Structures are given as C-alpha cells and as structure tokens.
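Just so it is clear, the structure is predicted and the values come from calculations on it, not from any experiment. Only this structure's heavy atoms are used, side chains among them; waters, hydrogens and symmetry mates stay out. Note on naming: letters A, B, ... go to the chains in the order of the sequence lines (proteins, then strands), and numbering restarts at 1 for each one.
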Amino acid sequence: MRLVGAARRLQSDERRSGGLNEGELLARVRARDMQAFERLYRIYQPRLARFLFNLVQRPQLVEEVLDDTMMVVWQTADSFRGGSKLSTWIFAIAYRKAIKARSRWPDPVEDDPYDTRVSDDPTPEEDLGHQRLHDALQMAMAGLSADHRAVVDLTYFHGMGYREIADIMKCPVDTVKTRMFHARRRLKDAMSGSLEDWL
Amino acid sequence: MADDAHDRAEELLPWYAAGSLDAADRAIVEAHLACCPACRQQLAGERALIDGFQALTPDIDSGWARLRGRLETRPSLAARLSETLTDAWHVLTRPVVAGLATAQVAFVAIAGLFLQSAAQPAYVALGATPVAGAANIVVMFKPDAREADLRGALEATGGALVGGPTEADAYLVHVAPNARSAALAKLQADRSVTLAQPIDGPAE
C-alpha cells in the first residue's frame, strides 16, 4: 500500500524521534537534553525547510531562518504551555522569522527558486508526467504571493487545517479560506492543461 | 441557498482532500459532494495537486552540525551583558572621548558591578565551557589575524574566553585576578592584537 502525505511523514517522524512522542521530546529539551533536541530538529528540519523555501525563496535565507527558529525553540521551550500543537508553535515561530527575513530581502530570486528533487523513484512514464506537473507547479507557485504560498503549502503538503494555519499566520480563519480560494484559482489558471493531463 | 452550500463546500475542499477537516466540516462537504458533479471533479483536481506537492521537495541539507555549533558557542547571559557593556566601554575609550576620564572611570566602576552581578548566568549553553568568572579583559585583533593567532594569543593568557566576537569584533576573556597584569602584558605585546584592556577596573 502506498503511503502518502501525513501517514508517510508520521512514519518517518517516528523513526527520527527514536520512539518518543513530541511531548516527551519537548520535556527532555526543557531539561536541556541535547540529544532530544537533535531528534526534534531532525523531525522538523525537512518540514520547516520546505515551508521556509516556499516563503523566502532563497536557500541561504532558509538555513538562516531555520536555525533561528530552532534556536528560539531551544531557548524558550519552557514557555510552550501546550495551548496549541507543538507543530503550530514551531511553525508560527518560523513564519514570524521568515516574514522578518523577507522584509530585509524583499526581492525574490529570479532564477530557479525551487531546486527540487522527486522524493520517490518514478517509472519512466510516471517521470514525464511528474516532471510536467512539477514544472507547472513551480511556475504557478512562483506567481503567488508569499502568504498565498504559505497557505497552499501548509494545506497541501503539511496537512494542516485552516484553524491551525490561522494560528500560525496570526490571522482570522476566514482570511485563510479566502487566501486559499484565490490561490487555487491562480494555480488552476497557471496550470491550465497540466492538471488535466495529470488526472 | 444551494449556492451557499456549494460555496461553503467548495471553500473547504482543499482541507477535505488533505484529510484535515473535523467531523462537522467533513459532513458538510460529503453531503454536498453527493449531489454536485462539479465539486467531485474539483476534488479529483485537489488530490492531484496534493500528490504533486508531496513529491516536490526542496533540496536543503540538514544543518544540525551548523546549529549545534551555534548553540555551543552562544555566549552566556553574563557574556552577552559583558558584550553590551564592553561595546559601550569601547566607545567611551575612543580617542575622541578619551578626555572624558571621569566618565570613563565611573563607567568602568559601574561595569564592574554589573559584571560581578552577572557572574552567575541564568542561561548556559549545553556543551559550553562553564564560565569561571566574569570577563575582566577585552581583546581586539587585527582584521587579518588568523584563527591560530587568536587561539595562540588567548591561550597564552591562561584565561578563558567568555564572550565575543562582539559587534566591534572584540573578545572577552576572564583570567585569574592575580594573573591579569601578566596576561595583559602578553596580549599587548602580541603583534596580532590591536587592543587589550582591563574592563572591570585597574589591573592588580
């Protein structure tokens, strides 16, 4: 059975966490356990890297913002009271850091904003189709605003609900829904043809 | 009314396709999907997009070693306080304000008090060498000094590096009080050093 999305992520997260759940990991991080922090980092690094790549679109900024985010997690783990999911708290920190970083470097890079790789090994036939969709997705996403890209990525890739996204972006849930609605319209327009080929 | 139901369900489709809706929202969408071919078609498109997004992964290296390095070299609160005070001290001792000897002496005395009170840091990075005491020497190096020069000069003092580089590229060192004069003399004689001064009052 093919594992997709959240299920595949959950499986790899469990492998990276060494069998501890996030609450147990965070308790150890609060006790300044560097090994637990490394496990937490390895769970969140791929997810944050992807999220931040969509937001800031500069590889060197992704590293900087990701490190800054995890530094805050390490330094302020005591302040997390469990009022939200741990992922919401960490992504909200990353979002704030990314917005600040973008204000320092507001112009997106022009060349190849998505240095991407395909996570599975597709067959040659699938490869052509995947590549077409990937190219179209890259182009379409590049045409969206940063906030639209964030909502799209958090929904489609990270599997987050609209309330959690609103918590991360500190905006009303209706704003999230509106952003998603307009982003989908623009994606559909920009990918005209490609999506039908894929279906 | 039907349009309202359509709009509401259509708005929720991305989260329905991604499996992140709660039971109430899911029921709304499923009731509408049963009677709306357009939304069913759109749902297929949403799922194709999700598949596409899942396979699109930016190639970012894991930076654990880099982050761990930052955690280990992050100065303690005491050192960061010292850094702030030292930067201010550095401004005070520039030639243009060097004539303000009274202010300088007063500042050094106050800085000494602050540094003493900050000698027990509230935050110490894991893996960092425990801070033996507050900084009592500030050192600056020539811009072209190599890491080996810095290391050699600091090791020669017999003290411990407790902070830096500050924004002014200064390093903060703690040496045993009875060894500070000798340490200062060694640093001032070092060709890679441009400044070596006590920061908590006159050397013993």
**Q.** Whether over 12 other heavy atoms sit under 6.0 Å from K170(A) NZ
**A.** yes

(Q) Using modelled atom types and a 3.5 Å cut-off, is there a donor and acceptor pairing between side-chain atoms of Y41(A) and backbone atoms of G63(B)? (A) yes

Q. Mind checking whether Y162(A) and W15(B) have parallel, tilted or perpendicular rings, split at 30° and 60°?
A. perpendicular

Q: Report yes if some heavy atom in the side chain of V152(A) is under 4.5 Å from a heavy atom in the side chain of F53(B); otherwise report no.
A: yes

Q | CG-CZ distance between D22(B) and R163(A), expressed to the nearest 0.5 angstrom | A | 5.0 Å

(Q) When you compare the side chain of F37(A) with that of R68(B), does any pair of heavy atoms fall below 4.5 Å? (A) no

Q: Verify the neighbour count for atom CD of Q35(A): are there more than 12 heavy atoms of other residues, nucleotides or ligands below 6.0 Å?
A: no

(Q) Around atom CZ of R40(B), are there more than 12 heavy atoms from other residues, nucleotides or ligands closer than 6.0 Å? (A) yes

Q. Quick one: do D68(A) and R70(B) make a salt bridge, cutoff under 4.0 Å?
A. yes

Q. Salt bridge or not for E63(A) and R66(B), using N-O below 4.0 Å?
A. yes

Q | Rounded distance [0.5 Å steps], CG in D51(B) versus CG in L137(A) | A | 10.5 Å

Q: To the nearest 0.5 Å, tell me how far S20(B) OG sits from I165(A) CD1.
A: 7.0 Å

Q.
If I take atom CD from residue Q45(A) and atom CH2 from residue W64(B), how far apart are they, to the nearest 0.5 angstrom?
A. 11.5 Å

Q: Can you measure from CG (D7(B)) to NZ (K177(A)) and round to the nearest 0.5 angstrom?
A: 12.0 Å

Q) So does R28(A) have more than 12 non-hydrogen atoms from other groups sitting under 6.0 Å from CZ? A) no

Q | Spatial distance of atom OH (Y156(A)) from atom CD1 (I50(B)) [nearest 0.5 Å] | A | 6.5 Å

**Q.** Non-hydrogen atoms of Q42(B) and R184(A) that approach each other most closely
**A.** OE1-NH2, 2.6 Å

